[in-house]
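What follows is one structure encoded as structure tokens, with my remarks underneath.
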Amino acid sequence: MSKLTILLYPDPRLHTVAQPVTEVNDEIRQLIKDMGETMYAAPGVGLAATQVDVHQRIIVIDTSPARDSLRAYINPEILEATGIADCDEGCLSVPGIYEKTQRAQHVRVRALGADGEPFEHEAEGLEAVCIQHEMDHLDGKVFVERLSRLKQQRILAKIKKRQREAA
Ligand code: GNR
Ligand code: NI
């Protein structure tokens, strides 16, 4: 197992649109394990392959309090999205920034599991928000890009100031 490096916004590689996985093989299963390790270490409740610079449609999520329920979604598709969830959203690629967003409260997703078999899953609340957030990453979108231009500018300014102070 190995912990992977998470790309940080505004890294342009975060804007890459991920390609569908054509075969769920041992290499993909190893990547899923490494993504899980990276997510738990961060710590976070989800991670998209895009964030570790692998541009294939794979996400991992664990919103369980015990942190013992890792689920991988390969080539995920949203079949149904209903309701509105007001959330405080953050991202491992945008550390220390939290902003209010609106997402669907409930989603039904279809994907392939790590075993290559299709499954459907219904999620609500944080788990549903997380699935939508990770699927945005696969389409090259970071959550700050859903905010107003003004908020995006403020976030970029904050990140640049932090980088100056760290240097
Ligand atoms: O760990 C994470 N927490 C979180 C909180 C609210 C809404 C979305 C998320 S996802 C985030 C991990 C991450 O950046 N995944 O891409
Ligand atoms: Ni994220």
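Whatever order the structure lists ligands and atoms in, that order sets their numbers, starting from 1. This one's a predicted model, so the numbers in the text were calculated from it and none came from an experiment.
Contacts of Glu134 with ligand 1, taken as heavy-atom pairs under 4.0 Å, involve the side chain alone. Counting heavy atoms closer than 4.0 Å to ligand 1, residue Glu89 contributes atoms from both its backbone and its side chain.
Here is the list of ligand 1 atoms found below 4.0 Å of a heavy atom in His137: 16 (O). Atoms of ligand 1 lying under 4.0 Å from any heavy atom of Cys91, numbered from 1 in the order shown and given with element: 14 (O).
Residues Glu37 and Lys33 are not paired through a salt bridge, judged by the lack of any N-O separation under 4.0 Å between the basic side chain and the carboxylate.
In the hydrophobic clustering of this structure, Val109 does not group with Ile74; members are Ile, Leu, Val, Met, Phe, Trp, Tyr whose side-chain heavy atoms approach within less than 4.5 Å, directly or through other members. Criterion: ILVMFWY side-chain heavy atoms under 4.5 Å apart, direct or through other members. Under it, Ile78 and Ile58 are not part of a common hydrophobic cluster.
No heavy atom of Thr101 sits closer than 4.0 Å to any atom of ligand 1.
Crowding of Arg154 atom CZ: a count of heavy atoms from other residues, nucleotides or ligands under 6.0 Å not exceeding 12. For Glu27, the CD atom counts as loosely surrounded, since its 6.0 Å shell holds 12 or fewer non-hydrogen atoms of other residues, nucleotides or ligands.
Take the Ni ion (ligand 2) as the corner point: the lines to SG of Cys91 and to NE2 of His133 open at 110°, to the nearest 10 degrees.
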Verdict with reasoning, Glu89 to Arg146, per salt bridge (charged side-chain N to carboxylate O under 4.0 Å, His left out):
CA-CA 11 Å; Glu89 198 159 328; Arg146 293 178 158 272; 5.9 Å; no
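Compare Gly90, Ser93, Gly46, Gly44 by their heavy atoms: the one nearest to atom 12 (C) of ligand 1 is in Gly46.
Distance alone, capped at 3.5 Å, is enough to place a donor-acceptor pair between the Glu145 side chain and the Val142 backbone.
In this structure, atom 14 (O) of ligand 1 lies nearest to the protein heavy atom Leu92 N, 2.8 Å. The nearest heavy-atom contact from the protein to atom 6 (C) of ligand 1 is Asp88 O, 3.6 Å. Distance from atom 1 (O) of ligand 1 to its nearest protein heavy atom, with residue and atom name: Val45 N, 3.0 Å.
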